[in-house]
Amino acid sequence: MTLFDLIAARIRQDGPISMADYMADCLLHPTLGYYTTRDPLGAAGDFTTAPEISQMFGELIGLSLAQAWLDQGRPAPFTLAELGPGRGTLMADLLRATGAVPGFLEAAQVTLVEASPVLRETQARNLTGHAPRWLDNVDALPDAPLFLIANEFFDAMPVRQFIRQDDGWAERRITVADDALSFGLTAPGKRPALAHRLEDTRQGDMVELCPAAAPITTAIATRIATHGGAALIVDYGDWRSLGDTVQALRDHRPVDVLKCPGQADLTAHVDFEPLAQAAHDAGCHASKLTPQGVFLERLGITARAQALARDMRGAALDDLVAAHRRLTHPAEMGNLFKTLGLFPAQAPPPPGLER
Ligand code: SAH
């Protein structure tokens, strides 16, 4: 049975499903889901990410978190966590770079929140010697100081999609007809959770809601507010998203979202406003939302690239220059990707970010 058969059968039996239900099945169905069955990253996979582009990304994230740890009086022990670590590349680069910070690694309990058994194996191979432990979700994070990175994690959280109408919001549904999936709409209704979007939308506009985003942020922010720590959340998106941002990528190319369930990566732009709001509500401070290019430049990515370039020639040097550009240039990832930092109200923001 394919995932399409399974989803179609479910719709025929129980009725049309939301985009969030569809994304959840596509990405994490226990036996047929996209992440549960493969390592999707890299040139041979479907998409690539900042840590896979260059070691500089994980190194600088690590140094920002380590400085936040120093600024807060070197709490020990502490949880060094990553949400959705992919291949473990970022964490490996982070651990190598922070080895020079006295006491940091000795106090760190490396903790990976990962839903995919396939990726857990890859992470274990790439992080030997660091004794990581794996958690199924953020609620299992210990009550302890928490220094955390989440890169391209929130964009994999399923979103619901709503279209503004005269008399409320209609939700987009996925249905099945003629042996293919297609879009439909519910009847319009009131949506208190979208009240704030009446100010910046017009009839016919689509907005998205990510039900998991705020509870995950609350779990992180509560620990940081109570025990100290810092979180760096890096993802594509903006303060508020507008329009249909759900995208499917297969073999590095966009494909129809409904065409190959479980065979393509599905992501949506991250709305950072509800993350910052959830952090505030949990008693934690949220930084200014900062473009990735600005964040990395402030952390010294150009100096790091120049240091690496000294020993490089030919194709390796060309790759390094291209990677630096790809991570920071406004026309590449520099502007589309943003960083939000969470930190205790009485602590300075992690380096690279402003209060
Ligand atoms: N951060 C990595 C990988 C990004 S891909 C990088 O930058 O390269 C998204 C990651 O999140 C994958 O590791 C995927 O398996 C994981 N993931 C997706 N949904 C998840 C969930 N609900 N809980 C835990 N991990 C999840």
Side-chain angles (χ1 to χ4, degrees), residues 20-30 32-62 65 80-94 110-127 132-141 148-159 210-217 219-220 231-237 246-250 252 262 264-270 292 295-296 323 326-327 333 336-339:
D21 289 341
Y22 178 70
M23 278 181 82
D25 266 348
C26 288
L27 294 178
L28 290 177
H29 184 279
L32 301 167
Y34 180 72
Y35 284 119
T36 22
T37 53
R38 79 198 72 214
D39 172 355
L41 288 145
D46 292 309
F47 63 98
T48 195
T49 56
E52 301 297 331
I53 291 169
S54 169
Q55 68 184 75
M56 297 187 287
F57 188 77
E59 291 172 350
L60 294 170
I61 297 277
L65 286 180
L80 178 59
E82 181 168 4
L83 308 187
R87 288 183 171 162
T89 307
L90 190 160
M91 185 54 82
D93 293 334
L94 179 160
V110 178
T111 305
L112 308 172
V113 177
E114 175 57 68
S116 161
V118 176
L119 287 172
R120 281 187 183 202
E121 276 178 33
T122 312
Q123 291 155 19
R125 275 199 303 280
N126 288 331
L127 295 168
R133 78 179 144 187
W134 282 268
L135 303 177
D136 291 335
N137 57 60
V138 289
D139 295 325
L141 284 168
L148 176 144
I149 168 70
N151 184 61
E152 292 212 44
F153 173 78
F154 282 92
D155 67 8
M157 298 296 113
V159 295
C210 179
I216 292 171
T217 311
I220 297 166
L232 296 173
I233 299 170
V234 187
D235 229 307
Y236 78 141
V246 174
Q247 128 175 319
L249 272 188
R250 191 175 187 181
H252 298 267
D265 186 38
L266 284 181
T267 56
H269 282 207
V270 173
Q292 173 172 298
F295 174 63
L296 294 175
R326 200 154 165 210
L327 292 178
M333 296 171 81
L336 178 60
F337 282 72
K338 313 282 192 304
T339 308

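For reference, positions follow the sequence shown, starting with 1. Read the numbers this way: they start at 1 and go in the same order the structure lists the ligands and their atoms.
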Polar pairs, ligand 1 vs protein, N/O only, below 3.5 Å.
{"from": "ligand 1", "atom 1": "1 (N)", "to": "Gly84", "atom 2": "O", "distance (Å)": "2.7"}
{"from": "ligand 1", "atom 1": "1 (N)", "to": "Asn151", "atom 2": "O", "distance (Å)": "2.7"}
{"from": "ligand 1", "atom 1": "7 (O)", "to": "Thr49", "atom 2": "OG1", "distance (Å)": "3.4"}
{"from": "ligand 1", "atom 1": "7 (O)", "to": "Asn151", "atom 2": "ND2", "distance (Å)": "2.8"}
{"from": "ligand 1", "atom 1": "8 (O)", "to": "Thr49", "atom 2": "OG1", "distance (Å)": "2.6"}
{"from": "ligand 1", "atom 1": "13 (O)", "to": "Gly86", "atom 2": "N", "distance (Å)": "3.0"}
{"from": "ligand 1", "atom 1": "13 (O)", "to": "Glu114", "atom 2": "OE1", "distance (Å)": "2.6"}
{"from": "ligand 1", "atom 1": "15 (O)", "to": "Glu114", "atom 2": "OE2", "distance (Å)": "2.6"}
{"from": "ligand 1", "atom 1": "25 (N)", "to": "Ala115", "atom 2": "N", "distance (Å)": "3.2"}

What pairs of donor and acceptor atoms, side-chain ones from residues 148-157 against any protein atom, are under 3.5 angstrom apart with sequence neighbours left out?
none

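- Looking at Glu52 and Thr89, their side chains do bring a donor and an acceptor atom within 3.5 Å of each other.
- Residues passing the ring-ring contact (aromatic ring centres under 6.0 Å, His included) test with Tyr236, sequence neighbours excluded: His269, Phe337.
- Under 4.0 Å is where a charged nitrogen must lie from a carboxylate oxygen, and between Asp265 and Arg250 no such pair does.
- With no hydrogens or angles considered, a side-chain donor-acceptor pair links Thr111 and Arg133 at under 3.5 Å.
- By the side chain to side chain contact (heavy atoms under 4.5 Å, CB included) test, Asp25 is found to be paired with Ile7, Arg10, His29, residues two or more places apart in sequence or in another chain being considered.
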